[in-house]
There are 2 protein chains.
Amino acid sequence: MPNQDGTGPRWMHGKFKCCGYRMTKPREAILDVLENTQEHLSAEDIYLAVHKFYPNIGLTTVYRNLEMLVNIEMIVKFDFGEGKSKYELSDHYSGKGHHHHLVCKECYKVVDYSDFMKDEVNFLKSTEDGLSKKYKFNITDHLIQFFGVCEKCSNK
Amino acid sequence: MPNQDGTGPRWMHGKFKCCGYRMTKPREAILDVLENTQEHLSAEDIYLAVHKFYPNIGLTTVYRNLEMLVNIEMIVKFDFGEGKSKYELSDHYSGKGHHHHLVCKECYKVVDYSDFMKDEVNFLKSTEDGLSKKYKFNITDHLIQFFGVCEKCSNK
DNA sequence: CTCCTATTGGTAATGGTTGTCATTAACAAA
DNA sequence: TTTGTTAATGACAACCATTACCAATAGGAG
Ligand SMILES: [Mn+2]
Ligand SMILES: [Mn+2]
Ligand SMILES: [Zn+2]
Ligand SMILES: [Zn+2]
């Protein structure tokens, strides 16, 4: 899905420029892929998707740009225990909003959930404050994942 | 610290036998290392520590046994984003009891904390119940980690 | 349009982890 | 204690996600 409408500069252009980065085909393509999926993609997933439209974009470039995009917080990197990292657009850009993950230990299916966020927010607020003070940490982030076995995998 | 007191079968003997596993030097040595540290060790850390007492125990054996020990839930495997897994005795065997982790993104220092567990337990209970029902997951486990920058790394 | 330099793509290297297989040793049974 | 079965080991090679390297390319400011 490269720039379907051909309407000039993309939304991410400003963000890039203001961070001192150039707007390039690979970057645009990678973000396009992430915009148009609900899934959590690996570097290779993204490489393959990008490859369909720009067969000359290399896997190395995908890795490099994923790292850069994580740094400027346009995307987030996750480890679900599968042996490779997965990526998704960060809360601000994704439309999904802030959410956590429920992971099947058998098939690695990942469910986004944002239920129970009231409880979570309370819990996180108080815990982060307490931990920051007690352990002199400047806390910037948290990771909450539940693991289990999905319905499909239970019936086997 | 191999079997300091020489008083025959170790505490883990029973657990092993009842699971159909044999009691071997490498297994005993690995558990000894994990018993005598407060840190979160990598496979290689453990290999090196074991190596001092049993120089002929191989790294492969360490990996194999770590996997086995995770399976029978005597130890727990963690990923703190460092590119290699870390291991510690599981709650039941460690004396630390159930706890979560605070991780420095700069130096990968890991702090065990069990403060604020009342809030956590409430939050986890209700969330797990809700998620189990809504998403038909049989939830067995959770991962809660806070990330930030430790005091030492802040002053640089 | 030009120039500077960030970025790229191909390829080799890295490093944690796993697979293979002949040899060894735990331990149940005799 | 001796024996037999087979789980477990150790050395080594292979795997695979990720990184390093470097010469060639292409953003985009001026
Ligand atoms: Mn998600
Ligand atoms: Mn711990
Ligand atoms: Zn599943
Ligand atoms: Zn630190």
Side-chain angles (χ1 to χ4, degrees), chain A residues 2-3 8-10 12-31 40-48 50-51 53-72 74-75 77-87 108, chain B residues 2-3 8-10 12-31 40-48 50-51 53-72 74-75 77-87 108:
Chain A
N3 208 351
R10 306 295 307 284
M12 66 289 270
H13 198 142
K15 175 89 177 175
F16 281 3
K17 192 158 60 179
C18 101
C19 291
Y21 292 112
R22 294 176 181 173
M23 184 73 216
T24 67
K25 274 263 146 54
R27 284 170 188 169
E28 202 172 346
I30 289 168
L31 286 171
H40 305 80
L41 303 180
S42 68
E44 194 180 10
D45 293 334
I46 295 168
Y47 165 71
L48 290 173
V50 158
H51 192 77
F53 291 96
Y54 302 102
N56 50 335
I57 290 177
L59 180 57
T60 305
T61 298
V62 172
Y63 270 106
R64 256 188 317 240
N65 282 314
L66 288 173
E67 189 191 4
M68 181 274 261
L69 291 167
V70 168
N71 285 338
I72 65 175
M74 290 189 72
I75 67 174
K77 181 180 185 175
F78 285 102
D79 181 335
F80 297 123
E82 210 177 337
K84 55 193 165 187
S85 298
K86 297 293 187 79
Y87 300 85
Y108 292 108
Chain B
N3 209 351
R10 307 292 308 284
M12 66 288 271
H13 198 142
K15 175 89 177 176
F16 280 3
K17 191 158 62 179
C18 101
C19 291
Y21 293 112
R22 294 175 182 175
M23 183 73 216
T24 67
K25 275 262 149 56
R27 284 169 189 170
E28 202 172 345
I30 289 168
L31 286 170
H40 304 82
L41 303 180
S42 68
E44 194 180 10
D45 292 335
I46 295 167
Y47 166 71
L48 290 174
V50 159
H51 192 77
F53 292 95
Y54 303 102
N56 50 336
I57 290 178
L59 180 56
T60 307
T61 297
V62 172
Y63 271 106
R64 255 188 317 240
N65 282 315
L66 288 173
E67 188 191 4
M68 180 276 260
L69 291 166
V70 168
N71 285 338
I72 66 175
M74 289 190 72
I75 68 174
K77 180 180 186 176
F78 285 103
D79 182 333
F80 296 123
E82 208 176 339
K84 55 192 165 189
S85 297
K86 298 293 187 76
Y87 300 83
Y108 291 107

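Letters go in sequence order (proteins before strands), and every chain restarts at 1.
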To the nearest 0.5 Å, what is the distance between CE on A:Met23 and CE on A:Met12?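 A:Met23 atom CE to A:Met12 atom CE measures 5.0 Å (nearest 0.5 Å).
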Smallest separation among heavy atoms of A:Arg27 and A:Arg22, with atom names: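 That would be NH1-O, 2.8 Å.
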Please determine, for the side chain of [X], which listed nucleotide ([options]) has the closest atom?
{"X": "A:Lys17", "options": "D:dT18, D:dA29, C:dC27", "value": "D:dA29"}
{"X": "B:Pro26", "options": "C:dT8, D:dT9, C:dG16", "value": "D:dT9"}
{"X": "A:Arg64", "options": "D:dA17, C:dG10, D:dG10", "value": "C:dG10"}

Side-chain N,O ([X]) to OP1/OP2 ([N]) below 4.0 Å:
{"X": "B:Arg27", "N": "D:dA8", "value": "yes"}
{"X": "B:Asn65", "N": "D:dT9", "value": "yes"}
{"X": "A:Thr61", "N": "C:dG9", "value": "yes"}
{"X": "A:Thr60", "N": "D:dT19", "value": "no"}
{"X": "A:Tyr63", "N": "D:dT19", "value": "no"}
{"X": "B:Ser42", "N": "C:dG16", "value": "no"}

Of the options A:Glu82, A:His40, A:Lys86, which is the one that meets A:Tyr108 in a side-chain contact (heavy atoms from CB on, under 4.5 Å)?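 Single pass found, and it is A:Glu82.
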Over how many whole Å does the gap from A:Leu41 atom CG to D:dA17 atom C1' extend?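 Rounding to the nearest Å, CG of A:Leu41 and C1' of D:dA17 are 16 Å apart.
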With DNA chain D as reference, determine whether B:Ile57 or B:Arg22 sits nearer its 5' end, using the nearest nucleotide of each.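 Result: B:Arg22.
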